[in-house]
Amino acid sequence: MNFDYSEMQQMLLDSAERLMKERGQVEKWRERRHIESGLDADGWAQFAELGWLMLPIPEDAGGLDGTMEDVALLNIALGKGLATEPYINSVVLSAYILDQAGGAHREALLGGIASGEARVALAHAEIGDRYDIDTPRATTAVHDGNGYKIDGAKSVIFDAPSATHFIVSADLADAGTSLFVVEAGAAGLALESYPLVDGTRAADLRFGGLVVDADALLASGAQATDLLFAATDRAAIAAVAQGVGSMEACLDLCSAYMKERKQFGQPIGNFQSLQHMIVDMLVATHQSRSALYGALAALDGEAQARIRAISAAKVVMGEASQLVMRHGVQIHGGYGVTDEYAISHHYRRLLSLEKAYGDIEYHVARLAAAHIA
Amino acid sequence: MDFRYTPEDEAFRQEVRAGLRAILPDDIRERQRLTTTMNSDTHDQRVWFSLLDDKGWSVPAWPTEYGGPGWSAIQKYIFEDEMYLASAPEFQWTGTHMVGPVIYHFGDDAQKERFLPAIRRGDHIWCQGFSEPGSGSDLASLRTHAKLEGNKYVVNGQKIWTSTAYEADWGFFLVKTDLTVKPQAGISFLLIDMKSPGITVRRIPQINDEEHLCEVFLDNVEVPAENLVGTPGKGWTSAKFLLEHERTSSAFIFWNKRELRRARMIADDIVHDGRPLSQSPAFAGRLARLEADLAALEWSVLRVLANESHGFDASVASSILKLRGSEMQQATTEIQVDLLATRGLRAYVPGRDQPAPSLPDWPEYVPGRTAIATIMRAATLYGGTKQVQKNILAKLAFGL
């Protein structure tokens with residue numbers, strides 16, 4: 001068991017902390033978030049230049065073949081710097097599905113993700129879902145000539161406005177849930193885009209007789225849902241990592257504020273009630289990082305142990321994030337609810353990270369079910 | 001970074017598991033498995049530690065020159081995990097984890113020779129005399145006084161919360177040997193034979209019907225000067241060392257894991273509405289949350305053991321273990337009481353002679369659950385209250 005960073009990890013972390021320090025400043029972020037697609041092209045190019053986008057991509061597809069530990073470390077830094085780029089959805093989640101599914105699009109799309117030219121969003125969730133993965137899809141695919149015709153709708157698809165491609169799940173007659181690669185500009189696809197509270201973008205998607213080639217099919221049935229589970233687990237780990245980073249940033253913000261803000265003739269950090277609040281935040285944050293390590297340890301292990309460790313991490317991080325963001329705002333007093341202070345942005349980002357890839361209740365239920373199975 | 005156990009670690013686990021199974025007597029295991037008290041039976045501890053010592057396993061944390069097995073931190077962790085899985089009696093913490101390390105770190109050769117082997121073999125049960133009626137969280141204000149007269153100290157004063165004092169062979173005490181200096185100076189670390197004339201022990205009836213905590217009255221107790229450990233007036237250093245050197249034990253991680261296993265076992269056993277309580281949404285959810293919190297705690301322990309080097313303050317991490325560990329001790333036992341509903345209200349006086357439960361209405365796991373959960377309120381009190389821990393953390397982690 002070794003908890004220390006390798007040389008490569010240290011370099012990764014140094015570069016991430018440098019860039020995030022610069023980009024993470026709240027004023028810059030407040031300007032950036034008005035970009036219509038939600039994606040700052042210059043920033044994304046920097047991500048690519050630093051090799052971050054190729055980190056988890058396999059070597060044979062132009063990537064660095066990094067471990068999930070590497071990915072987690074980078075995402076801690078991204079969380080600290082309030083990064084809202086579609087890193088998790090595209091580089092962690094979708095890239096995993098594309099790699100594992102293989103097929104005609106694998107190398108081109110993975111290469112595109114690694115270079116920054118392609119961004120792939122998973123379009124799986126539908127109205128009525130609560131993080132459902134293996135329930136039948138209302139969106140349908142039918143054989144159409146040499147390809148497939150897709151009809152239906154998707155709900156709250158993260159990072160859709162900046163995506164170049166989607167992985168779309170649809171019910172295919174006799175084959176069950178199936179995954180298709182769909183280009184963003186394809187005829188028959190309509191997006192209704194909107195910002196989320198954390199400044200990222202999402203969209204509802206409508207498919208009206210959208211036609212794809214036969215080689216757009218990535219996987220079907222159990223293979224497809226297994227891939228969705230496995231990929232979502234990785235995304236959940238990355239979200240936990242970003243949550244840890246964001247919470248660690250909240251601790252720094254609150255600690256600094258408690259020393260600088262004076263009331264009743266003294267720094268508010270002198271008040272024991274506030275000291276105990278920030279200590280509760282520290283404990284919760286520390287436990288989240290520990291739970292993240294536990295999830296990483298179990299990732300390649302036995303299935304039930306993996307499910308339990310990853311869900312445990314998401315539960316611990318989710319509950320910790322709620323405590324940290326609420327206390328964080330409270331400690332900042334009135335300034336905490338303004339858009340001008342970073343703490344309110346972390347509040348919104350943490351809210352989003354808790355809800356993404358399974359919220360607390362979802363993972364509590366999944367953890368409980370892992371004991372009955 | 002690599003968070004997995006190595007194949008060598010796994011092999012070590014199997015070796016320890018088999019070894020413990022081979023030497024643990026059935027009756028001791030059964031008493032420990034069905035325990036209704038917070039601490040293990042001291043008779044069983046004496047027997048068990050002599051058996052463990054025969055294998056060289058009784059003091060895993062000690063340096064090899066004093067009889068430790070020379071295991072790595074992770075191996076020690078695995079060993080303790082297996083001790084609890086085997087339902088072996090717990091360490092006699094005051095001896096093996098508190099005074100023992102103080103003696104081999106600060107003591108002279110004569111003290112080491114006299115006391116260490118007896119601790120290793122479980123021959124001596126130790127108690128800790130730190131707190132006083134007026135000195136709880138504010139330990140430095142203690143008043144028990146030891147006056148040097150020739151080659152002996154004469155001790156007068158009163159200690160409280162001295163667990164096991166009524167059956168202890170020896171006690172380690174913090175006493176004032178110099179009244180002229182400021183509070184933390186002038187304190188010395190003194191070993192006292194509990195059979196010395198002038199010692200009176202009063203057992204304190206507890207919330208759980210045990211009488212394990214004690215008051216100790218010292219009235220002109222004569223203690224040979226050679227029983228003072230380290231430098232006179234520097235006892236505070238020994239006490240701090242004692243409280244800090246075991247950085248992970250205050251997480252009670254193995255204890256907590258055992259109690260969550262017990263809660264799950266009870267939840268599987270009690271059937272209501274045609275399904276075990278472990279499948280009722282409310283209890284399943286609580287158990288899942290506890291499991292998640294415990295997983296985090298376990299990895300926090302491993303982080304300290306593995307000495308994570310990057311941006312990591314081990315003192316901060318240890319205080320966090322104490323805080324969360326004690327909260328988990330409460331949570332993992334509270335859920336057991338809740339699972340039992342009204343049956344959990346039946347009073348069982350803890351101890352060896354408790355009435356055997358009668359099946360099938362009163363399963364063997366009922367006695368002790370509520371008693372232990374009640375006394376667990378002390379977990380956030382001893383060793384510095386939760387609130388004091390938070391004050392310390394605010395200072396350590398944020399400089400507040």
Side-chain angles (χ1 to χ4, degrees), chain A residues 1-6 9-10 13 67 69-70 72-73 251 254-255 258-259 267 269-270 272 274-276 278-280 282-283 286-301 308-309 311-317 319-320 360-361 363-372, chain B residues 1-6 9 72-74 77 264 267-268 275-276 278-279 281 283-289 291-312 316-317 319-321 323-324 327 386-387 389-400:
Chain A
M1 217 173 270
N2 172 12
F3 290 71
D4 298 332
Y5 301 156
S6 68
Q9 288 171 336
Q10 191 60 56
L13 210 61
T67 64
E69 282 82 358
D70 303 337
L73 282 180
L251 292 178
C254 289
S255 170
M258 285 171 70
K259 286 165 191 154
N270 287 0
Q272 199 176 37
L274 294 189
Q275 289 178 1
H276 287 196
I278 197 174
V279 165
D280 288 342
L282 166 74
V283 171
H286 185 86
Q287 294 300 82
S288 300
R289 193 186 259 265
S290 299
L292 169 65
Y293 292 174
L296 289 167
L299 181 62
D300 298 321
R308 286 163 57 189
S311 284
K314 195 72 173 49
V315 170
V316 169
M317 185 286 276
E319 295 196 325
I360 295 171
E361 293 308 325
H363 282 287
V364 165
R366 185 170 178 249
L367 182 47
H371 280 277
I372 297 165
Chain B
M1 278 185 160
D2 184 354
F3 301 122
R4 287 161 301 186
Y5 288 107
T6 63
D9 292 336
S72 70
I74 295 296
Y77 183 86
R264 206 170 266 293
D268 284 339
R275 65 182 174 198
S278 56
Q279 292 180 28
F283 279 115
R286 272 178 76 181
L287 287 165
R289 280 181 155 84
E291 180 179 332
D293 287 340
L294 203 51
L297 184 66
E298 182 163 27
W299 281 90
S300 289
V301 170
L302 289 166
R303 286 169 72 184
V304 174
L305 289 180
N307 250 328
E308 184 184 23
S309 63
H310 182 90
F312 195 70
V316 168
S319 297
I320 290 174
L321 293 183
L323 257 182
R324 284 304 289 145
E327 289 173 345
K386 182 154 110 177
Q387 286 66 36
Q389 298 293 335
K390 288 186 182 181
N391 291 349
I392 293 171
L393 267 172
K395 195 169 174 190
L396 274 180
F398 302 108
L400 291 170

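A note on names: the letters A, B, ... follow the listed sequences, proteins ahead of strands, and every chain is numbered from 1.
With a 4.5 angstrom heavy-atom cutoff, A:L292 does not touch chain B via any of its atoms. B:L393 touches chain A through backbone and side chain together, each having a heavy atom under 4.5 Å away. Contact annotation for A:R366: neither backbone nor side-chain heavy atoms come within less than 4.5 Å of a heavy atom of chain B. With a 4.5 Å cut-off on non-hydrogen atoms, B:R264 touches chain A through its side chain but not through its backbone. Heavy atoms closer than 4.5 Å to chain A are found nowhere in B:L305, neither backbone nor side chain. Contacts between A:L73 and chain B at a heavy-atom distance below 4.5 Å involve the side chain alone, from C-beta outward. Contacts between A:D280 and chain B at a heavy-atom distance below 4.5 Å involve the side chain alone, from C-beta outward. Interface remark: B:I74 contributes side-chain atoms only to the contact with chain A (heavy atom separation under 4.5 Å).
Rounding to the nearest 0.5 Å gives a distance of 8.5 Å between CG of A:N2 and CE of B:M1.
Between A:F3 and B:A306, the closest heavy-atom pair is CD1-CB, 3.0 Å. For the pair B:G399 and A:K259, the tightest heavy-atom approach, listed with the atom from each and the gap, is O-CE, 4.3 Å. Closest non-hydrogen pair, B:A292 versus A:L367, comes out as CB-CD2, 4.1 Å. Closest approach of A:V279 to B:K390, counting heavy atoms only: CG2-O, 3.4 Å. The minimum heavy-atom distance between B:A288 and A:V364, with the atom names listed, is CB-O, 3.5 Å.
Of the listed residues (B:L400, B:T6, B:L323, B:L297), the greatest number of heavy-atom pairs within a distance under 4.5 Å of chain A belongs to B:L400. Across A:S290, A:A297, A:A312, the residue that shares the most heavy-atom pairs under 4.5 angstrom with chain B is A:S290. Heavy-atom pairs under 4.5 Å with chain A were tallied for B:R303, B:Q389, B:E298, B:K395; the largest tally goes to B:R303. Contact tally against chain A (heavy-atom pairs below 4.5 Å) for B:S300, B:P276, B:S278: the top residue is B:S300. Among the candidates A:A365, A:S6, A:G294, A:S311, the residue making the largest number of heavy-atom pairs closer than 4.5 Å to chain B is A:G294. In terms of non-hydrogen atom pairs under 4.5 Å with chain B, the most contact-rich of A:M258, A:R308, A:E361, A:H363 is A:R308. Taking A:V315, A:I278, A:V316 one by one and counting their heavy-atom pairs under 4.5 Å with chain B, the maximum is reached by A:I278.
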Item to check | A:H276 and B:N391: CA distance, side-chain angles, deciding distance, side-chain contact (heavy atoms from CB on, under 4.5 Å) verdict | outcome: CA-CA 7 Å; A:H276 287 196; B:N391 291 349; 2.6 Å; yes

Next on the checklist: Apply side-chain contact (heavy atoms from CB on, under 4.5 Å) to residues B:E291 and A:H371 and explain how you reach the verdict.
Outcome noted: CA-CA 11 Å; B:E291 180 179 332; A:H371 280 277; 2.4 Å; yes

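Between A:Y293 and B:F3, the ring planes lie parallel to each other; the angle is under 30°, not in the 30° to 60° tilted range.
Side-chain contact, A:Q287 with B:D293: no donor N or O sits under 3.5 Å from an acceptor N or O.
In this structure the side chain of B:R289 reaches within 4.5 angstrom of the side chain of A:E319, judged on heavy atoms.
Every residue meeting the side-chain contact (heavy atoms from CB on, under 4.5 Å) condition with B:A397, not counting sequence neighbours, appears here in chain and number order: A:L282, B:V316.
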